[in-house]
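What follows is a short report on a single structure.
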Amino acid sequence: MDVILDHPVYKRIGATADRLGIQAYAVGGVVRDYFLQRHCTDIDIVCLGSGIDLAQAVAADIDPHITVSVFRNFGTASFHYRHGDTVWQVEFVGARRESYHHDSRKPVVENGTLEDDQNRRDFTVNAMAVSLNNDTYGQLIDPFGGIRDLNEGILRTPLDPDVTFSDDPLRMMRAIRFAAQLGFRIHDNTFEAIARNANRIKIVSAERITTELNKILLSPTPSIGFKLLQKSGLLPIIFPELSNLKGVETVGQRGHKDNFYHTLEVVEHVAEKSDDLWLRWAALLHDIGKPATKRYDEKLGWTFHGHEVRGSRMVKRIFTHLRLPLDAKMKYVEKLVLLHLRPIILSEEEVTDSAVRRLLFDAGDDIDDLMTLCEADITSKNEEKVRRYLRNFQLVRKKLIELEEKDRIRNFQPPVKGEDIMTVFGIPPCHEVGIIKDAIKDAILDGIIPNERAAAWQMMLDEGAKLGLTAQHPADTANTRHSSTASCANDTSSGS
Ligand code: CTP
């Protein structure tokens with residue numbers, strides 16, 4: 001038999017297993033990835049005996065300082081081990097038989113044979129084992145034709161798929177994720193079983209589902225995964241908002257485009273340009289507000305007015321359901337969804353400096369990602385139209401660079417602050433402060449005054465005078481602060 005695993009860690013495990021008189025095998029993803037020549041640093045070891053004892057003995061043989069994490073309830077133990085530049089995670093388990101209750105993912109576990117262990121794995125390509133003991137080192141144990149399926153690019157379960165998926169419904173998502181990651185086809189029987197068992201996904205936690213969704217989004221061809229999720233009936237259960245994009249309604253001869261397939265095309269375009277998970281999420285959600293804003297108008301046909309605002313407001317609920325982070329990453333997705341039409345609208349008209357400055361102001365540091373999303377959003381079949389848009393985008397990009405160099409709008413900090421205005425006019429926080437601030441900001445964005453303090457200061461004095469305010473401290477002495485005594489013309493809101 002070929003010796004297929006040549007890293008010293010496998011020899012080390014085999015030697016320790018020989019010393020303890022137990023059989024040990026590398027199993028699962030590490031064997032699959034070896035044949036696919038994919039880099040894999042997570043090593044799963046199964047042994048006929050105690051996985052915990054073997055882990056502790058191997059760790060002690062490699063380096064007595066290694067800390068072994070033991071999970072007695074699961075009968076597993078693992079440790080990290082650095083070799084050269086690579087940190088390996090090695091996990092040990094004794095071969096097990098498992099059976100599951102219908103309403104839970106928690107298995108009843110007993111000791112078993114290697115065959116029992118292979119039987120309970122998800123796919124034939126993940127059920128191969130390689131012996132690590134000295135006398136059989138490198139021998140492949142492949143009872144279900146895993147190598148054949150790897151060569152043919154097929155995902156199928158080792159046992160009856162209804163049993164495999166019912167035992168652990170997350171595997172339905174894993175099948176689809178592997179299809180997107182590896183470009184494999186799910187065998188018909190296996191796929192039909194996913195469709196039959198789709199409802200069982202409800203017992204899986206949102207966190208685990210989302211881990212798979214993220215892996216699908218980060219795969220080379222995410223659309224494969226989302227189409228399969230839709231086709232199998234999983235998507236309407238785990239992510240109904242995305243599933244709702246599917247379909248075309250017609251009135252007379254007039255239909256709109258299918259926003260599900262359009263969205264997937266946009267995700268693919270973005271994936272060609274960027275590996276960033278959150279930009280890919282923004283692409284996936286950019287039109288999520290369309291079903292809720294769809295209207296038919298006799299003159300205009302189908303419209304989706306305000307879908308970007310509606311969609312952006314849906315992001316938080318979706319992120320909450322899917323247990324995605326509700327932090328700056330979510331804010332970034334909200335922002336991109338909200339702004340995703342702006343560069344297109346801008347490039348449809350004359351590209352004015354003022355509109356480009358406003359775009360820079362609103363997008364800030366995310367402007368490049370927004371432009372990537374917008375370019376990806378052009379999925380028209382009309383080549384001339386696509387060329388025209390892309391040409392205009394080039395112009396927008398050029399202007400963005402020129403204006404940013406000149407006016408530094410990207411991280412706009414008002415050159416005159418609300419506190420300056422209150423001090424100069426001796427007023428408390430009020431509506432007028434906001435009016436003056438907005439007037440200065442608009443003048444800068446419209447190119448009426450430069451983005452500089454002196455010009456902004458003068459404008460503040462002029463705008464204050466227009467509002468009937470008297471400058472009590474007209475000179476710009478940036479550090480002086482005075483208590484505000486006078487009252488505003490309209491003292492109702494704090495506009496600073
Ligand atoms: N496995 C399984 N059912 C699951 C999860 C895992 O049968 N729901 C088995 C498979 O044999 C799998 C192995 O456990 O190959 C290791 O699981 P894991 O590390 O989660 O997956 P990998 O297959 O290694 O792939 P990835 O790391 O990309 O998730």
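FYI, side chains are in, hydrogens and waters are out, and symmetry mates aren't considered; it's all heavy atoms of this structure. Just so you know, ligand 1 is whichever comes first in the structure, and atom 1 is the first atom listed for that ligand. Only a predicted model underlies this, so the values are computations on that prediction, with no experimental measurement involved.
Residues R96 and D116 are not paired through a salt bridge, judged by the lack of any N-O separation under 4.0 Å between the basic side chain and the carboxylate. Remark: R120 does not engage D168 in a salt bridge, criterion side-chain N to carboxylate O under 4.0 Å. A salt bridge between E404 and R408 is absent, with no side-chain N of the basic residue lying under 4.0 Å from a carboxylate O of the acidic one. A salt bridge links D188 with R185: at least one charged nitrogen is closer than 4.0 Å to a carboxylate oxygen. Salt-bridge check for E265 with K257: failed, with every basic side-chain N at 4.0 Å or more from each acidic carboxylate O.
Only the side chain of D44 comes within 4.0 Å of ligand 1, judged by heavy-atom distances. Neither the backbone nor the side chain of E91 comes within contact range of ligand 1; no heavy atom lies under 4.0 Å. Only the side chain of R171 comes within 4.0 Å of ligand 1, judged by heavy-atom distances.
For a threshold of 3.5 Å applied to N or O pairs, the pair formed by G29 and ligand 1 contains at least one separation below that value. Between Q181 and ligand 1, a contact under 3.5 Å exists for no N or O pair.
More than 12 heavy atoms of other residues, nucleotides or ligands shown are found within 6.0 angstrom of CZ on R358.
Within ligand 1, the atoms closer than 4.0 Å to a non-hydrogen atom of R177 are 26 (P), 28 (O), 29 (O), numbered from 1 in the order shown. Heavy-atom contacts of K215 reach the following atoms of ligand 1: 29 (O) (cutoff under 4.0 Å). Proximity to R32 (heavy-atom distance under 4.0 Å) selects the following atoms of ligand 1: 22 (P), 23 (O), 24 (O), 25 (O).
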Item to complete: Could you go through the side-chain hydrogen bond (donor to acceptor under 3.5 Å, both in side chains) check for E268 and S223 one step at a time?
Response: CA-CA 7 Å; E268 287 301 334; S223 64; 2.7 Å; yes

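Using a 4.0 angstrom heavy-atom cutoff, D168 counts as in contact with ligand 1. Residue F178 places a heavy atom less than 4.0 Å from ligand 1.
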